[in-house]
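By convention in this document, chain letters (A, B, ...) are assigned in the order of the sequence lines, proteins followed by strands, and residues within each chain are numbered from 1.
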Amino acid sequence: MLDIQQLRKDMASVVAGLARRGVAFDEPAFRILEDHRKQLQTRTEELQAKRNAASKQIGILKGKGDDTAGIMAEVSGVGEELKANEIALAQLQDKLSNFLRTIPNIPRAEVPQGKSEAENVEVRRVGTPRVFDFAPKDHVDIGAALAGIDFETAAKLSGTRFTVLKGGVARMHRALGQFMLDVHTTEHGYTEVYVPYMVTGETADGVSSLAKFKDDLFKLEGRDLYLIPTSEYSVANFVRDTIVDLKNLPLKYVCHSPCFRSEAGSYGKDTRGMIRQHQFDKVEILQMVHPEKSADAHDELTANAEAILQKLELPYRTMLLCAGDMGFSSSKTYDLEVWLPAQNTYREISSCSNFEAFQARRMMARFKDEKGRTQYLHTLNGSGLAVGRTLVAVLENYQNADGSVTVPDVLLPYMGGLAKLDIAS
RNA sequence: GGAAGCGUGGCCGAGCGGUUUAAGGCACUGGUCUUGAAAACCAGCGAAGGGGAGACUCUUCCGUGAGUUCGAAUCUCACCGCUUCCGCCA
């Protein structure tokens, strides 16, 4: 949620910032709502003050045993107008709040201009794609040969966009999650957390606009519960409605969880393989930091995610998203894209965003600063990494001509002696 | 699922229709003292929002939502959560 103070005091900067995203801010609509609000609120508070003063007077008079009939008659008329005003004001505040909640975050100055993916800027490229002396297969064919990925059974159980993993591939999937958790907890200073995979509407709305994104979520029938599309939904809400002590900052959490996405609106996209699924595992890293530190924290968090790719020796590139391609809540986002040889391209495997105070404002996530003032936290998160897509990348990059897949060195301690996934005999 | 008890500021906790403008304590901030720190003493100190050029001032908030009343932290109802006991259960 944007800062309404900024809208009142510096509308121009908001309009300009949103324009960089290709979003037109409806200034007249906002002004009408805002003027009306001001008038209603002033009048309502006037009436409340009048009633409070009269009631207090009645109390004093009664204490002394004096007659209160006159003053009671005077205040009796206030009630009705006050009630009408209070209701109208509440409705208007709702309207204003709903209006604000549909407006995305403002891009930071260093975010490049652009409308789409095509205008994202490559920041760095790490690792060299391996040169194959055979035609590399994609993970679907590799998985089939290993009898390790079974889409048919998954479809029988649950329909399209689900996966069953077996044997060494299932183990490697588990190993990847464990490996990522261990790196982030022991080397990057994150606290491991385990969280609910279902959250209430209020929780979902804290992280992102529920009204705007509810079609992307799975909702439990007859209950106010949603399956999380990322553990960010659960973990970010740790600080909802709280004031954190300065000495506890930064908060750094890592969480491994399944993620559930309905993928409405992406029919026909990535239908082959396990790139886009209704259920996938992800290791998520989050930070809640002092506002002055969020830019540095963003670089750190991105580097933390990149470290996983480096340790797995997977070639990747880091993209700085342009204003038009960023997510709703983000002020700046880096995407990490891993090399997939079969597709001969880089594919997104992580997205690392700085939300600044946008999310914190919506969640009322605050801290006491050096001077004892209450301020909003800055929140950041990123995938470190998407486990399913990392599995895809390992299978494709580590495949051998005979159809087997070599286990990356850093995963060996997690594989129970298995150094290679062999094709099914 | 059933029963009972309980939800008060960052934390603990008093208040149970009208000077509550929510006592007191802890924590925190500033000061005195000290070589420095601690302790002690003094002062300040809840959150969200509005109005005003400003000094300042007003409103809302005692789990949430309705209700009773001129007036609700306090009374009524519903819901949510926590604790304990019973039932069920991986």
Side-chain angles (χ1 to χ4, degrees), chain A residues 1-10 30-101 194-206 220 222-226 234 237-251 288 290 357-377:
Chain A
M1 188 161 60
L2 287 184
D3 180 7
I4 194 161
Q5 300 299 340
Q6 193 186 351
L7 271 167
R8 289 185 186 133
K9 288 177 192 150
D10 189 12
F30 175 76
R31 289 214 187 277
I32 289 168
L33 283 173
E34 180 54 16
D35 288 348
H36 195 187
R37 185 228 100 226
K38 191 167 176 173
Q39 176 205 327
L40 255 182
Q41 184 163 352
T42 309
R43 179 64 184 152
T44 303
E45 290 182 359
E46 242 172 56
L47 291 169
Q48 283 170 332
K50 189 170 164 188
R51 180 205 58 196
N52 290 347
S55 293
K56 190 168 186 173
Q57 196 56 36
I58 291 169
I60 291 169
L61 289 176
K62 284 210 166 175
K64 284 192 282 195
D66 290 351
D67 177 57
T68 57
I71 191 161
M72 283 179 78
E74 196 179 309
V75 79
S76 66
V78 173
E80 223 166 284
E81 188 189 352
L82 180 56
K83 189 144 208 164
N85 270 279
E86 280 175 343
I87 290 167
L89 180 62
Q91 284 172 348
L92 196 71
Q93 299 277 31
D94 261 12
K95 237 173 154 173
L96 205 50
S97 155
N98 288 337
F99 177 87
L100 274 178
R101 278 166 178 252
Y194 169 84
V195 299
Y197 300 153
M198 303 172 213
V199 297
T200 61
E202 190 183 357
T203 299
D205 202 46
L220 270 72
R223 308 200 55 157
D224 177 34
L225 285 174
Y226 297 81
S234 305
N237 275 279
F238 284 12
V239 292
R240 171 155 57 92
D241 294 324
T242 62
I243 300 176
V244 180
D245 261 6
L246 182 64
K247 62 173 183 278
N248 293 329
L249 296 182
L251 297 170
M288 293 91 169
H290 191 291
F358 191 84
Q359 204 174 55
R361 221 175 273 124
R362 186 187 272 273
M363 289 197 297
M364 296 293 279
R366 295 151 294 165
F367 74 103
K368 287 262 190 230
D369 71 12
E370 301 78 355
K371 290 177 180 159
R373 289 174 311 199
T374 306
Q375 278 197 60
Y376 289 111
L377 286 165

For a quick check of understanding: with a heavy-atom distance under 4.0 Å over all strands, which category does A:T374 fall into, base, sugar-phosphate or nothing? sugar-phosphate
Here the distance between atom P of B:rC61 and atom CD of A:E45, to the nearest Å, is 12 Å
Taking a pair to mean Watson-Crick or G-U wobble geometry with both distances below 3.5 Å, B:rA22 pairs with none
Given the options A:M364, A:Q375, A:K368, A:I243 meets side-chain contact (heavy atoms from CB on, under 4.5 Å) only with A:K368
Checking N1-N3 plus N6-O4 or O6-N4 for Watson-Crick, or N1-O2 and O6-N3 for wobble, each under 3.5 Å, the partner of B:rG65 is B:rC77
A:R366 has its side chain closest, among B:rA48, B:rU60, B:rG67, to B:rA48
Does A:R43 make a side-chain N or O approach to OP1 or OP2 of B:rG51 shorter than 4.0 Å?
-> no
Side-chain contact check for A:S55: nearest option of B:rU21, B:rG46, B:rG71 is B:rG71
Separation of B:rA47 atom P from A:F367 atom CZ, nearest Å, is 14 Å
Re B:rA14: Watson-Crick or G-U wobble partner, both distances kept under 3.5 Å, found to be none
For A:L246 and A:H290 the tightest heavy-atom approach is CD1-CD2, 3.9 Å
Note: A:L92 and A:H36 closest approach over all heavy atoms is CD2-C, 3.6 Å
Here the distance between atom P of B:rA53 and atom NZ of A:K9, to the nearest Å, is 13 Å
Which whole number of Å gives the distance between the C1' atom of B:rG24 and that of B:rC45?
15 Å
Within-4.5 Å side-chain heavy-atom neighbours: A:V244 and A:M288
no
Rounded to whole Å, the CZ-P distance (A:R361 to B:rA48) equals 13 Å
Rounded to whole angstrom, note down the C1' distance from B:rC33 over to B:rA43.
15 Å
For atom C1', what is the distance between B:rU74 and B:rA22, given to the nearest Å? 12 Å
On a heavy-atom basis, the closest approach of A:M1 and A:R362 is CE-CA, 4.0 Å
With the side chain defined as heavy atoms from C-beta on, A:Q5 is closest, among B:rU21, B:rG46, B:rG49, to B:rG49
- Between B:rU21 and B:rU57, how far is it from one C1' atom to the other, in whole Å? 14 Å
Looking only at heavy atoms, the pair that brings A:R366 and A:D241 closest together is NH2-C, 4.0 Å
In Watson-Crick or G-U wobble terms, with both distances under 3.5 Å, the base opposite B:rA40 is B:rU32
Requested in this report: Ignoring backbone atoms, test whether A:N248 places a side-chain nitrogen or oxygen under 4.0 Å from the OP1 or OP2 oxygen of B:rG10.
Outcome: no
* To do: Considering only atom P, compute the distance from B:rG63 to B:rU8 and round it to an integer number of Å.
  => 6 Å
Under a 3.5 Å limit on both distances, the Watson-Crick or wobble mate of B:rC85 is B:rG2
Rounded to whole Å, the CZ-C1' distance (A:R51 to B:rC70) equals 9 Å
From CG of A:L377 across to P of B:rG10 the rounded distance in Å is 14 Å
Need one value for A:D245: base, sugar-phosphate or nothing, where a base atom within 4.0 Å counts as base even if backbone is also close, heavy atoms only. nothing
Original post:
Say you pick atom P in B:rG54 and the same atom in B:rG71; how far apart are they, in whole Å?
Top reply: 34 Å
Give A:A49 one of three labels, base, sugar-phosphate or nothing, depending on what nucleic acid heavy atoms sit under 4.0 Å from its own. sugar-phosphate
Closest to the 5' end of RNA chain B, once A:K247 and A:M364 are matched to their nearest nucleotides, is A:K247
Residues A:F367 and A:L377: closest non-hydrogen pair is CD2-CD2, 3.7 Å
For B:rA72, the nucleotide meeting Watson-Crick or G-U wobble distances (both under 3.5 Å) is none
Practice item. Taking atom C1' in both B:rU20 and B:rC16, compute the distance separating them and give it to the nearest angstrom. Key: 13 Å
Looking only at B:rG52, B:rA47, B:rC70, the nucleotide nearest the A:K38 side chain is B:rG52
From CZ of A:R240 across to P of B:rG10 the rounded distance in Å is 16 Å
Sorted by position of nearest nucleotide on RNA chain B, 5' first, the leading residue of A:A53 and A:Q41 is A:Q41
Lys/Arg-Asp/Glu bridge criterion (N-O < 4.0 Å) met for A:K83, A:E86:
no
Phosphate OP1/OP2 of B:rC70: any A:K83 side-chain N/O under 4.0 Å:
no
Taking B:rG18, B:rU60, B:rA48 as options, the one with an atom nearest any side-chain atom of A:I58 is B:rG18
**Message:** Check the phosphate of B:rU59 against A:N52, side-chain N and O only, distance under 4.0 Å to OP1 or OP2. Yes or no?
**Reply:** yes
note: A:E86, atom CD; B:rG67, atom P; distance rounded to Å ~ 11 Å
Applying the 3.5 Å cut-off to both distances, the Watson-Crick or G-U partner of B:rU59 turns out to be B:rA48
query: Quantified in whole Å, what is the P atom distance between nucleotide B:rA48 and nucleotide B:rC89?
result: 49 Å
Of the listed B:rG18, B:rG49, B:rG51, the closest approach to the A:R37 side chain comes from B:rG51
